[in-house]
Amino acid sequence: MSQTETPTPSNFIRNFIQEDMKSNKWGGRVITRFPPEPNGYLHIGHAKSISLNFGMAAEFGGKCNLRFDDTNPLKEEVEYVESIKEDVKWLGFDWENREFYASDYFHQLYGFAVRLIEQGDAYVDSLSPEEIRKYRGTLTEPGKESPYRDRPVTENLDLFERMRAGEFEDGAHVLRAKIDMASGNLNMRDPTIYRIRKTAHHRTGDKWVIYPMYDYTHCLSDSLEGITHSLCTLEFEDHRPLYDWVLRTLEVYHPRQIEFARLNLSFTVLSKRKLIQLVEGGYVSGWDDPRMPTIQGFRRRGFTPESIRTFCERIGVAKRDSVVDLALLEHCLREDLNKRAPRVMGVLNPLKVVITNYPEGESEELEAVNNPEDPAAGTRQVPFSRELYIERDDFMEDPPKKFFRLAPGREVRLRYAYFIKCEEVIKDEDGAVVEVRCAYDPATRGGDAPDGRKVKATLHWVSAGHAIEAEVRLYDRLFNHPNPGAGKTDFTEHVNPKSLTVLKGCKLEPSLASAEPESLHQFERLGYFCADRRDSRPGRPTFNRSVTLRDQWAKIAQKGKK
RNA sequence: UGGGGCGUCGUCAAGUGGUAAGACACAGGAUUUUGGUUCCUGCACUCGGAGGUUCGAAUCCUCCCGCCCCAGCCA
């Protein structure tokens, strides 16, 4: 679209694929896959992987499969597969008809296992889990071979068949690859590839009581699907020798596994375990709480798919552990919303203003621009009358030097309306300002003075008699530490107690009465707000603040405090 | 004397022997009926450190230092 797009940096994975294309390693094909386990909700870290996998495929004219890695019936549920599909779709990616499940390959996987046994490359072990752990050795000492390691092929075949038939209880036997108990790589010390689990699977039901392990399943699933580049995170680097061993030993089609660093974001956590803790510990209202770094959370907060995709492109892909600044994500949202979000006026903390020289009982309509960045968005009419609300923060009785909003004796502009000058301040018995009385200049209708005089500030406002009331939720970062849980602290101690502020009597311009759930607006001078997809109702909207506008004044005021 | 990986600006990140891209952040300035947007300007004589090879090194070699991952019948 725009010619001034930020060029996306290249990365080592793209370079690898380009080399492979040049050498025609895969016959010009690029097939990737996004392989979530359906045991939880997707978060922004998954978005990086999704964007990488679908992005690389698209860039090279290839395809990306959606494959559920569902080999552990104890943890997986259909609820999760549904939410994952919804999220990937919402992010804007299309797997067309290539929706696969590792469980669809159970039969073939079983066949391959039989082959490994026949070749003498796998054996049924009858050691207990604890014994297997002891035999495995330690990081610095080699393991010991199981006494069952040299069972004859026929016995292995018989036992494995009986495992499948359900003759044994959970844990009685496992199938292990026969590799090298002395390997420095623990994954190669005769890894378990099948275990007995008499548990119903969300897709295969009671058909199977033995389930293949990840290392064995993943490489073969990739192979079966004709994947060219199997992109995964760094912690699987140690597993690559096993990935390669299985495919090489079985002499089947052999994709290339490439590992990249997972995403870390400042001021939040992205591990499934910690996310669960936030939900179950009641720190947030659920997986889709707008403060959560889940796709569902970002969506409810008002982040757009486009902004998340742009973010994923800009952070790049590399192998080094890193923590991306949350500010970049916020920047991507502002950049996107600045172009598309219609502007409206809403007063969050109302202060009443009475225009003393404006006739009582009368009102008029003023024309307001919907989006200065997009002329096609047109204009709308906003009602104006004698009693208005302005933001409390926009008035100071005794303003500091750099404050150029409303103050006693000072003149400012009400956006799209008139210049007003503060003439009187009304206080309650405690000395709190409850009302400001101003005079308006009828000649400045629309916001310009015919005599050319200038004002230093333009304020947003809402006509008191026409305003609709709304609940507005102000969200701030969930943690008050850039690296929650740093050092010895428990990460929950870094939860920001002020991450949510609920404002009840907010006054919004009437056009917002019909705001659609999930619609995005810029409340001028405040930020971008999203009508909550769960709680917002016509005539009674509820808005979530997605992100504030950049705010020079806030910085100046902050400096003044220090 | 286990194995695997990684160290380039405050934060990400290009760079693959020819003399340090870009983005965010930050700091100035211009424009502005959003202290928004936009637009200029500044921001690594230096690439974890020390040696070496070379006319020339972030890129090659050697040694050292630091950080991350691995001992699930989880993925």
Side-chain angles (χ1 to χ4, degrees), chain A residues 6-11 15 35-37 39 69-72 74-76 125 127-129 132-134 136-143 170-176 182-189 192-197 211 213-215 217-218 232-241 259 261 266 272 314-332 334-335 338-339 343 345 368-369 372-373 402-405 413-417 419 444 446-448 454-460 482 522-527 548-556:
Chain A
T6 310
T8 59
S10 191
N11 64 63
N15 294 344
E37 180 187 16
N39 71 341
D69 227 326
D70 55 350
T71 57
N72 186 354
L74 255 25
K75 295 187 173 177
E76 297 145 8
D125 196 358
L127 250 26
S128 70
I132 288 184
R133 182 160 39 77
K134 280 183 193 144
R136 185 153 34 230
T138 68
L139 291 179
T140 51
E141 300 161 74
D170 290 13
H173 306 282
V174 290
L175 185 69
R176 292 231 252 166
S183 173
N185 181 344
L186 291 294
N187 296 119
M188 299 299 271
R189 320 245 261 227
T192 300
I193 59 177
Y194 264 94
R195 77 294 214 183
I196 301 170
R197 274 243 209 293
Y211 293 93
M213 299 281 290
Y214 166 84
D215 285 306
T217 308
H218 203 90
C232 62
T233 44
L234 249 32
E235 66 270 27
F236 291 103
E237 205 148 23
D238 283 342
H239 296 242
R240 191 171 66 223
E259 310 84 9
S266 62
K272 226 174 248 182
R314 299 230 178 125
I315 56 177
V317 182
K319 295 194 72 160
R320 117 182 36 143
D321 287 315
S322 60
V323 181
V324 176
D325 194 341
L326 219 211
L328 178 60
L329 215 207
E330 295 178 342
H331 166 82
C332 291
R334 289 193 187 103
E335 179 183 62
N338 176 51
K339 288 179 299 190
R343 318 279 124 131
M345 291 194 286
V369 173
E373 304 296 316
K402 288 181 178 167
F403 182 90
F404 40 82
R405 273 108 99 141
R413 168 170 41 233
L414 291 181
R415 179 138 236 228
Y416 300 124
F419 284 12
T444 57
D448 278 310
K454 302 286 182 198
V455 288
K456 291 198 78 176
T458 299
L459 271 39
H460 61 278
Q522 184 197 98
F523 287 12
E524 294 215 35
R525 305 208 304 134
L526 297 174
T548 60
L549 249 29
R550 285 179 65 203
D551 189 348
Q552 280 298 310
W553 166 242
K555 278 186 195 172
I556 295 167

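Proteins get letters first, then strands, A, B, ... in listed order; numbering begins at 1 in each.
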C73(B) phosphate, OP1 or OP2, under 4.0 Å from R136(A) side-chain N/O: yes
Sugar-phosphate, base or nothing in reach of R334(A), heavy atoms under 4.0 Å: nothing
Atom pair CE/CD1 of M213(A) and I193(A) - distance to nearest 0.5 Å: 10.0 Å
Trace of the side-chain hydrogen bond (donor to acceptor under 3.5 Å, both in side chains) decision for R413(A) with T458(A): CA-CA 5 Å; R413(A) 168 170 41 233; T458(A) 299; 3.1 Å; yes
Integer-rounded Å distance: A23(B) C1' and E335(A) CD: 10 Å
Short side-chain N/O contact from H331(A) to OP1 or OP2 of C24(B), under 4.0 Å: yes
Side chain of R405(A) - closest among U37(B), C74(B), G35(B): G35(B)
Per-nucleotide pairing state of RNA chain B [Watson-Crick or G-U, under 3.5 Å; [ ] pseudoknot-crossing; | other strand]: .(((((((.[[[..)..(...]]].(((((.......))))).....[[[[[..)....]]]]])))))).....
G72(B) glycosidic torsion: syn (within 90° of 0) vs anti: syn
Closest to the T138(A) side chain, choosing from C12(B), A71(B), G4(B): A71(B)
Check against side-chain hydrogen bond (donor to acceptor under 3.5 Å, both in side chains), D69(A) and T217(A): CA-CA 8 Å; D69(A) 227 326; T217(A) 308; 5.8 Å; no
ring-ring contact (aromatic ring centres under 6.0 Å, His included) partners of Y214(A), counting only residues at least two apart: H218(A), F236(A)
Under the side chain to side chain contact (heavy atoms under 4.5 Å, CB included) test, residues paired with F523(A) that sit two or more places apart: V344(A), L348(A), L508(A), L512(A), H521(A), L526(A), F529(A), F543(A)
Nucleotide G4(B), atom C1' - distance to CG of L234(A) in whole Å: 10 Å
Length of the CG-C1' vector between L549(A) and G36(B), whole Å: 4 Å
Closest to the N72(A) side chain, choosing from A75(B), C73(B), C69(B): A75(B)
Atom-to-atom span, CZ of R320(A) to C1' of C67(B) - whole angstrom: 12 Å
R195(A) side chain near C74(B) phosphate (N/O to OP1/OP2, under 4.0 Å): yes
Interatomic distance at C1', C55(B) relative to C70(B), whole Å: 46 Å
Rounded P spacing from U59(B) to U8(B) in Å: 13 Å
For atom CD of E330(A) and atom P of U11(B), their distance in whole Å: 18 Å
L329(A) side chain reached by V324(A) side chain, heavy atoms, under 4.5 Å: no
Qualifying residues under side chain to side chain contact (heavy atoms under 4.5 Å, CB included), relative to D170(A), sequence neighbours excluded: I196(A), K198(A)
Centroid under 5.5 Å and tilt under 30°, Y214(A) to A75(B): no
Residue closer to the 5' end of RNA chain B, L139(A) versus F236(A) (nearest nucleotide): L139(A)
R413(A) vs U34(B): side-chain N/O to OP1/OP2 distance below 4.0 Å: no
Side-chain N or O of S322(A) closer than 4.0 Å to phosphate OP1/OP2 of A13(B): yes
Candidate nucleotides G5(B), C74(B), U34(B), ranked by approach to the side chain of M213(A) - the nearest: C74(B)
Interatomic distance, Q522(A) atom CD to E373(A) atom CD [nearest 0.5 angstrom]: 9.0 Å
U38(B) to C6(B) separation - P atoms, rounded to the nearest Å: 37 Å
Interatomic distance where CG belongs to D215(A) and C1' belongs to C73(B) [whole Å]: 13 Å
Proximal nucleotide (of G35(B), C12(B), U37(B)) relative to the N338(A) side chain: U37(B)
side-chain N/O N15(A) vs G15(B) OP1/OP2, d < 4.0 Å: yes
Carboxylate-amine/guanidinium contact K75(A) E37(A), below 4.0 Å: no
N/O (side chain, T71(A)) to phosphate O (OP1/OP2, A75(B)) under 4.0 Å: yes
Side chain to side chain, R240(A) and N187(A), heavy atoms closer than 4.5 Å: no
Sugar-phosphate only, base, or nothing, as touched by N39(A) at under 4.0 Å among non-hydrogen atoms: nothing
Residue E373(A), side-chain atoms from C-beta onward, closest of C12(B), G10(B), G36(B): G36(B)
Sugar-phosphate only, base, or nothing, as touched by L74(A) at under 4.0 Å among non-hydrogen atoms: nothing
Side chain of V174(A) (C-beta onward), nearest among A14(B), G5(B), C73(B): C73(B)
Short side-chain N/O contact to G35(B) OP1/OP2 from R525(A), under 4.0 Å: yes
Interatomic distance where CG belongs to L326(A) and C1' belongs to C12(B) [whole Å]: 13 Å
Between the protein and nucleotides 26-30 of chain B, which nitrogen or oxygen pairs are less than 3.5 angstrom apart?
| from | atom 1 | to | atom 2 | distance (Å) |
| --- | --- | --- | --- | --- |
| C26(B) | OP1 | K555(A) | NZ | 3.1 |

Proximity to the side chain of L328(A) - top-ranked nucleotide from A71(B), U34(B), A23(B): A23(B)
R197(A) side chain, from C-beta outward: closest of U34(B), C73(B), C74(B): C74(B)
Test salt bridge (Lys or Arg N to Asp or Glu O under 4.0 Å) applied to R334(A) - qualifying residues, sequence neighbours left out: none
Given RNA chain B, 5'-ward residue of the pair K456(A) and A318(A), judged by closest heavy atom: A318(A)
Base of G3(B) paired with side chain of D238(A) (donor-acceptor, under 3.5 Å): yes
Pairwise side-chain contact, W553(A) with F404(A), heavy-atom cut-off 4.5 Å (strictly under): no
Atom pair distance, as rounded to whole Å: CG in N187(A) and C1' in C70(B): 7 Å
Test item: R415(A) and R525(A) side chains (from C-beta on) under 4.5 Å apart, heavy atoms: no
